[in-house]
Structures are given as C-alpha cells and as structure tokens.
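Chain identifiers are assigned alphabetically (A, B, ...) following the order of the sequence lines, protein sequences preceding nucleic acid strands; residue numbering begins at 1 within each chain.
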Amino acid sequence: MNQDDGHAPESKLIEQRLQKLDAIRDLGHTPYPYSFDVTHLSSDVIDQFEKLEASEDEVAVAGRLMVTRGHGKAAFADLSDRKGRLQIYIKLDVVGADAFDLWKLLDIGDFIGVRGPVFKTRMGQISIQVKTLELLTKSVRPLPVPKEEVKDGERIVHDAFSDKELRYRRRYLDLALNADVQDVFRKRSAIVSAVRAFLDSRDFLEVETPVLQTLYGGASARPFVTHHNTLDMQLYLRISDELYLKRLIVGGLERVYEIGKDFRNEGVDRTHNPEFSMLEVYQAYADYHDMMDLAETMYAEVATQVTGSPVLTYQGQEIDLSPPWPRIPMLEAIAQYGDIDVANASDADLEGACKRLGADLDPGTERGILINELFELCVEPKLIQPTFITDYPLAVSPLAKKHRDNPELTERFEIFVNGWEAGNAFSELNDPVDQRERFEHQMSLRDKGDDEAQVLDEDYLRAMEYGMPPTGGLGVGIGRMVMLMTDSPSIRDVILFPHMRPEEG
RNA sequence: GGGCCCGUAGCUCAGCGGUAGAGCAGUGCCCUUUUAAGGCAUUGGUCGAAGGUUCAAAUCCUUCCGGGCUCACCA
C-alpha cells in the first residue's frame, strides 16, 4: 500500500516541492549545504533565556520545521531538534527580502538553521528573532505532521501519526513525529549503558563471540540457516552466546559478558522478535545462588538509575524490583499455584493434569518435560512480581549442573516478571562426561523429531575436558527489560526496526 | 495456524446499496507578536486487489494481499 506509481496524488505534492527546489536554486541558495554551526539546542535557549536575553547574544539553532504560522510579512514557526521544540519569528524587516523570499519557499519537514537574539512575545513565548536564515535540507516528501496544542500545561496532540504498520515500517517518521518514541529509545540506550556500568564495576569483561556459527547451541530453538559462498558451507545464526562464553571461562577470563543479538526461527508476537538482544554473564567460582544475587541487584540498580526508582508501573500494574526476590523451587511453585503434589504423582497423573490444562503432548513424554509443562501452564502467568523459580527438571536443562541434593533436578533458575520469562541461569555443567551424556540424550530426541533439541558440539566438550572451573551463568533478555522499564506493551515498541513482512506481498 | 477487527485524499477519520465527504497538510489571495493563528477561495481519491450478486456496490458475498488485537506454538 501507499506505493507511489508516479501518478498518485502524493507525487503531485512531491512535484510541487521539487519545483520549489528549483526556485530556491534560482534564488542562489543551496538546498543541501554541508554543515551548520549550532551554538544552542532548543532546551539551552529555554533554560538560559534570562541570560541570553540580557546579553543580547545571538544564538544559532538548527532543526526541522514542524509548523508555521504565517502573518503576511512575518511568520512564526516551530523548530524541532533533539531536545525539543523552539519557536522562531521571522520578520521581513529583520531578515531582509532575500531571506524572506527563501522563507516563502520552505515547507514543513525542511531542516533550517537560524541565527538571532532571543526574546519573548507578547504572549510570553520564548522565541528567536531570526536575523539570518539558512536552508539546511529541503524535504521533498510531505511529512504527516500532527497538530499540537498546549492546554493547562498538557501537550495535546491532534490527529497523531498513529498507523502502527507505518510507524514500524517508517520508524524515522515515528521518531520525528511522536516525541515519546524518542524517549523510549533514549531509555533503552540508558538501560544498556547502566547494565554495562554495573557489570564493568564488578570486573566483568565485555567480549564478542561469533554470530555465524557452524553449530548452534545454548538454547532450545530452531536456527536461521545461511551459507558461506567461498567456503561453500552451511552456517547458522546463533541462537545464544552460551557455548562460546563458557569456552572463555575455560580460557581463564573468569568474568565475561556479552550483549548481542540472538536469532531464533520462531513465531513473532508481542514478546518475540526473530532477532533480539540478549545479555549473557558468566562468573567463575560462582553458583546459581550467586547469580540470583547478581540478577536482582542488577535489575534494581538499573531501574533506579534509569527511572529513578526500583518500583515501576507496567500497564497499570505496580512492579517492585527491590531485592530480595522470592526464590521458589519449581515443585513448590506448582504445589502453591497449581495445587498439585508432583512428588507423589505418577507420570500418568502429570500427563492428565497437563491435558486438562490444555497441553498438546506426544505420548510417552518424559516426566521432567511434563513437570515443566505443568509449571508453564499453571504457574508462569501468575508470576507478576519478580520471582526466581529454581531447581528445574534435568530433562529440560541439558547445560545445567545436577542439583547437589537431588539428581533429578538441576541448579537452574529463571526470572519471571509480569508473567514473562525475563532471565535464565544455572550453575553451569562442567563435568564433561555428564555433558556428553546430556548432549547424546538431546540428539536422541532430535532423532525422534524434536527439531529444537540441542546439537552435540564436540569442540565444546573438548573445552570442558580441559576443565572449566565451577561457574554461574545468567542470560537476560534486554528487550523485555526495556519493555518493563519503559511501560511498553509490545517488544516492537522497544526495537527500532522490528521484523515486518516485506512491502508489496 | 485459529478467532475477532481493520484497510476510503499525504495524515487523522466519517459515509455502509443509488456511482465519494470533513479536518489538517497542499495551492492562490489577505494578514509584521501568533501558537490546534485567523479570513476568503481552491486542488486532490480506479474507496487494499480480483472475482461475484444487483438495474445500481466504498457499502452485500467469495477469494487473495497487508495490518492490528488475541489464542495457540515458541524462550
């Protein structure tokens, strides 16, 4: 939709603007100059107004023309820069005839630079009295600018640019026209910076590991497959960083983390995008208890730094990230929320319970998977406040160490907030013999048709054979963290360019 | 993949059986402190696509394309 075929009405608007471009050149102006020396941002002018007015110093401000209010031989306009909006006032007497002729050829969406002293209008509006005007970029495609008014200090937007598809596809417009969208992505950046600062201050080393991998692993998911031409070989886009980061622990780096993209060839919904940012942290000589301490402290500190408080409101629901968070073993959680005594239930009982809750299971599904299924059905959606669920069944945790008190469980936890899985961690399995058995079991599942079962990685096993110290590992989805801290209902709202089907189907 | 809903001018929307309308943007004229500036005039649409029903379809039916929400699948 909205394709220009050269005859669409939009192209008439573009044609008009291209004609103005010629007219601007005829007046001797360059519509696409190279730079402009900005002395002040819009917010500087407002913050330092008293001083600037008293000194009568000229300021130079650049920005995008968002709205104009013409008055014959004068005009008001609002300029938008990265810090906000500022009114400018252009008067024929002051700018001169040449500049005013240029002004008349400008459109909403053009970038301009202005210089002049600041003043307040009769209505008390801080403005720049434009003495010189420069066109910095001519916009030839009409910008769908909404109308704004300020009433009782509140900014009211009329006819906002709200088509969700267009907002995601043309994110540049969304950013240019919807101020709160810029705020979300500034916050995302602040969150990632805060995470880095938190880990750096604890002597973790940030590293980068391969995205293109000959084998994929570290999670249960289907990968994207690609091909290397010169080597003529199949490669996968990573589904996690885990197996490479643990090789670095073998190498003695002891504390490492990576923030990067993972790719999973799965469905797309409110909390899933095919490529997404993941934080993984590995700490030698630590176990999953230590990783719980680290995770809750990190979440609370990052939230406090970015939003001012560890207590957030997400979609009307208050969420308190202050540590300590409850740590509930999975079987206890199922007893508590689902009222099912797993320890004294037969496999058939568990299968029956899952089916009653709507699960679609293959016959003969192993017990550990049934327990995990039961947990996801009856507990997960109820975990709104941050909670650690600990001690996962062995069957669903092929990279986690067996629980020190119960060999059918692992020392693994996941973080749940708002009913989502927000993190995953374990005491990392470093026994190479046990690890090989787990991989082999995964491969047998794969042979039975489970295309998400993990793949045996011989080099990873070799690394484990050389020896990895006891290690705690933690993975945290950055997108979900950002959703929570920016009160965004969809992961698409925190990804600048979320996955969309191509235009023209 | 299932269910519900949507796709009409550049943007935001109304029209829901008699062959298209508003506001904003655009264009022209007036206006040298306005702020959703204002006044007068005006351009602009094969109503997502293709079939069908009908004397007549933006409007009803079918299919397709794209999207939103939701359930399922999925970390």
(request) Report yes or no: is there a donor-acceptor pair, N or O only, under 3.5 Å between the side chain of A/Thr121 and the base of B/U34? (result) yes
(message) Pairing check on B/U42: which nucleotide meets the Watson-Crick or G-U wobble criteria with it, both distances under 3.5 Å?
(response) B/G26
(request) Establish whether the base of B/C11 is bridged to the side chain of A/Asp163 by a donor-acceptor pair shorter than 3.5 Å. (result) no
(message) Counting the atoms with a prime plus P, OP1 and OP2 as sugar-phosphate, which does A/Lys164 contact under 4.0 Å by heavy atoms, base, sugar-phosphate, or nothing?
(response) sugar-phosphate
(message) Under the rule for ring-ring contact (aromatic ring centres under 6.0 Å, His included), what residues qualify as partners of A/Tyr282, not counting sequence neighbours?
(response) none
(request) Find the distance A/His158:NE2 to B/A22:C1' and express it as a whole number of Å. (result) 16 Å
(message) Regarding A/Arg85 and A/Glu148, does a basic nitrogen lie under 4.0 Å from an acidic carboxylate oxygen?
(response) yes
(message) Looking at A/Arg115 and A/Glu134, is any side-chain nitrogen of the basic one under 4.0 Å from a carboxylate oxygen of the acidic one?
(response) yes
(message) Side-chain N or O of A/Arg222 versus OP1/OP2 of B/C74: is the shortest distance under 4.0 Å?
(response) no
(message) Heavy atoms only, 4.0 Å cut-off, all strands: where does A/Arg17 land among base, sugar-phosphate and nothing?
(response) nothing
(request) Quickly work out the A/Leu357 CG to B/C73 C1' distance and round it to whole Å. (result) 17 Å
(message) Against A/Phe416, only a single residue in A/Trp325, A/Phe388, A/Phe375 fulfils ring pair (Phe, Tyr, Trp, His ring centres under 6.0 Å); can you say which?
(response) A/Phe375
(request) Kindly state which residues belonging to residues 111-118 of chain A come within less than 4.0 angstrom of RNA chain B, counting heavy atoms of the residue only, listed by number. (result) none
(message) Between A/Lys261 and A/Glu275, does any NZ, NE, NH1 or NH2 come within less than 4.0 Å of an OD or OE carboxylate oxygen?
(response) yes
(message) Please name the nucleotide paired to B/U62 by Watson-Crick or G-U wobble geometry with both distances under 3.5 Å, or report none.
(response) B/A50
(message) Does B/U34 have OP1 or OP2 under 4.0 Å away from a side-chain N or O of A/Arg69?
(response) no
(message) Rounded to whole Å, please give me the gap between CD1 in A/Ile14 and P in B/U27.
(response) 14 Å
(request) Starting at atom CG of A/Leu65, determine the distance to atom P of B/U34, rounded to an integer number of angstrom. (result) 19 Å
(message) Expressed as a whole number of angstroms, how long is the span from A/Lys73:NZ to B/G38:P?
(response) 20 Å
(message) According to ring-ring contact (aromatic ring centres under 6.0 Å, His included), who are the partners of A/Tyr392, at least two apart in sequence or on a separate chain?
(response) none
(message) Without decimals, in angstroms, what is the distance between A/Asp159 CG and B/A22 P?
(response) 15 Å
(request) Scan residues 75-84 of chain A for pairs that pass side-chain hydrogen bond (donor to acceptor under 3.5 Å, both in side chains), counting only residues two or more places apart or in two chains. (result) A/Ser42-A/Asp81, A/Arg69-A/Asp78
(request) Please state whether the base of B/U35 and the side chain of A/Gln125 form at least one donor-acceptor pair under 3.5 Å? (result) yes
(request) Applying side chain to side chain contact (heavy atoms under 4.5 Å, CB included), name anything that partners A/Gln16, two or more places apart in sequence or on another chain. (result) A/Leu13
(request) Please lay out, stage by stage, how A/Glu296 and A/Arg327 fare under the test salt bridge (Lys or Arg N to Asp or Glu O under 4.0 Å). (result) CA-CA 11 Å; A/Glu296 64 190 6; A/Arg327 302 179 178 193; 3.2 Å; yes
(request) Determine the contact category for A/Asp269: base if any of its heavy atoms lies under 4.0 Å from a base atom, sugar-phosphate if only primed atoms, P, OP1 or OP2 are that close, otherwise nothing. (result) base
(request) Taking only heavy atoms on the protein side, list every residue of residues 142-157 of chain A lying under 4.0 Å from any atom of RNA chain B, sorted numerically. (result) A/Pro144, A/Lys147, A/Glu148, A/Glu149
